[in-house]
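Atom set for the values below is all heavy atoms of this structure, side chains included, hydrogens, waters and symmetry mates excluded.
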Amino acid sequence: MDLTSGFYNVPLHESDRKFTAFTTPMGLYEYNRLPQGLCNSPASFMRMMLSIFGDLNFSSLLCYLDDLLVFAPSEEEALRRLEVVFSRLRANNLKLSQKKCNFLRKSVRFLGHIVDASGVSVDQEKVAVISGFKKEDLMDADGCTPSQKKV
């Protein structure tokens with residue numbers, strides 16, 4: 001499952017808004033929600049998610065930023081766990097992106113891995129991209145020097 005609006009779900013304290021100020025031809029603006037691009041945005045967002053789901057993390061779900069993976073040994077248990085997750089999302093006014101949610105799957109892609117009943121394995125599509133590189137693709141025009149930009 002994937003949350004909508006990501007970092008923008010985290011309200012900024014009034015005294016911290018000045019640190020997000022930016023200027024445009026129409027004037028000076030400040031964020032009142034956590035924007036993307038600040039060095040601490042991911043850590044702050046993850047802290048919020050762990051305050052909501054931390055007691056469930058690794059036991060019935062995996063939480064990484066705005067991605068949630070609920071797992072269970074049976075369909076009935078999965079439905080019970082989803083009910084808990086949904087109630088916590090609702091209590092914290094967080095919404096899911098319907099297009100990015102899949103429910104009751106036996107196998108899912110999660111953070112570059114395949115998760116299924118046999119465990120966690122590397123997503124071979126990700127590996128194929130890297131192993132498909134040829135030495136020539138990473139070299140400068142002279143064919144001998146590795147190109148920093150291409151690498």
Please step through ring pair (Phe, Tyr, Trp, His ring centres under 6.0 Å) for the pair Tyr64 and Phe110, ending with a clear verdict.
CA-CA 10 Å; Tyr64 180 74; Phe110 187 70; 7.7 Å; no
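- Placement of Val120 and Leu62 within a single hydrophobic cluster is found when ILVMFWY residues are connected by side-chain heavy-atom separations under 4.5 Å, directly or transitively.
- Looking at residues two or more places apart in sequence or on another chain, you find no ring pair (Phe, Tyr, Trp, His ring centres under 6.0 Å) involving Phe71.
- Taking all atoms of both residues into account, the shortest heavy-atom contact from Leu12 to Pro35 is CD1-CD, 4.3 Å.
- In this structure a side-chain-to-backbone donor-acceptor pair under 3.5 Å is missing from Asp16 to Phe19.
- Taking CG from Asn57 and SG from Cys63, the interatomic distance works out to 5.5 Å, rounded to the nearest 0.5 Å.
- Nearest heavy atoms, Asp140 versus Pro146: OD2-O, 4.1 Å.
- Expressed to the nearest 0.5 Å, how far CE of Met48 lies from CG of Asp66 amounts to 9.5 Å.
- Summarising the local packing, CZ of Phe103 is surrounded by more than 12 heavy atoms from other residues, nucleotides or ligands at distances under 6.0 Å.
- Here the closest non-hydrogen pair linking Ala78 and Ala72 is N-CB, 3.4 Å.
- Expressed to the nearest 0.5 Å, how far OG of Ser147 lies from CE of Met139 amounts to 9.5 Å.
- Going from atom OG1 of Thr4 over to atom CG of Asn9 covers 6.0 Å, rounded to the nearest 0.5 Å.
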Is there a side-chain contact (heavy atoms from CB on, under 4.5 Å) between Leu104 and Leu79 once you walk through the steps?
CA-CA 8 Å; Leu104 304 175; Leu79 292 171; 4.2 Å; yes
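- A donor-acceptor pair is defined here as one N or O able to donate and one able to accept, closer than 3.5 Å; such a pair exists between the side chain of Thr20 and the backbone of Tyr31.
- No more than 12 heavy-atom neighbours from other residues, nucleotides or ligands sit within 6.0 angstrom of CZ on Arg105.
- Taking hydrophobic clusters as Ile, Leu, Val, Met, Phe, Trp and Tyr residues chained together by side-chain heavy-atom distances below 4.5 Å, Met49 shares a cluster with Phe58.
- Nearest heavy atoms, Tyr29 versus Thr24: CE1-OG1, 3.4 Å.
- Remark: the backbone N or O of Ser41 is not paired with any side-chain donor or acceptor of Ser44 at under 3.5 angstrom.
- For Asn93, the CG atom counts as loosely surrounded, since its 6.0 Å shell holds 12 or fewer non-hydrogen atoms of other residues, nucleotides or ligands.
- Between Glu77 and Arg81 there is a salt bridge, since a side-chain N of the basic residue sits under 4.0 Å from a carboxylate O of the acidic one.
- Every residue two or more places apart in sequence or in another chain that forms a side chain to side chain contact (heavy atoms under 4.5 Å, CB included) with Leu96 is listed here: Met1, Leu3, Phe86, Leu89, Cys101.
- Residue Ala21 comes nearest to Leu28 through the heavy atom pair CB-CD1, 4.0 Å, listed as atom of the first residue, atom of the second, then distance.
- Legend: side-chain hydrogen bond (donor to acceptor under 3.5 Å, both in side chains) pairs involving residues 116-134, not counting sequence neighbours, sorted by first then second residue: Arg109-Asp123, Arg109-Glu125, Asp116-Ser118.
- Nearest heavy atoms, Ser107 versus Ile114: OG-CG2, 3.5 Å.
- The distance from the CG atom of Leu61 to the CG atom of Asp67 is 12.0 Å, given to the nearest 0.5 Å.
- With rounding to the nearest 0.5 Å, the separation of CG in Leu138 from OG1 in Thr145 is 13.0 Å.
- Here the side chain of Arg88 pairs a donor or acceptor atom with the backbone of Ile52 at under 3.5 angstrom.
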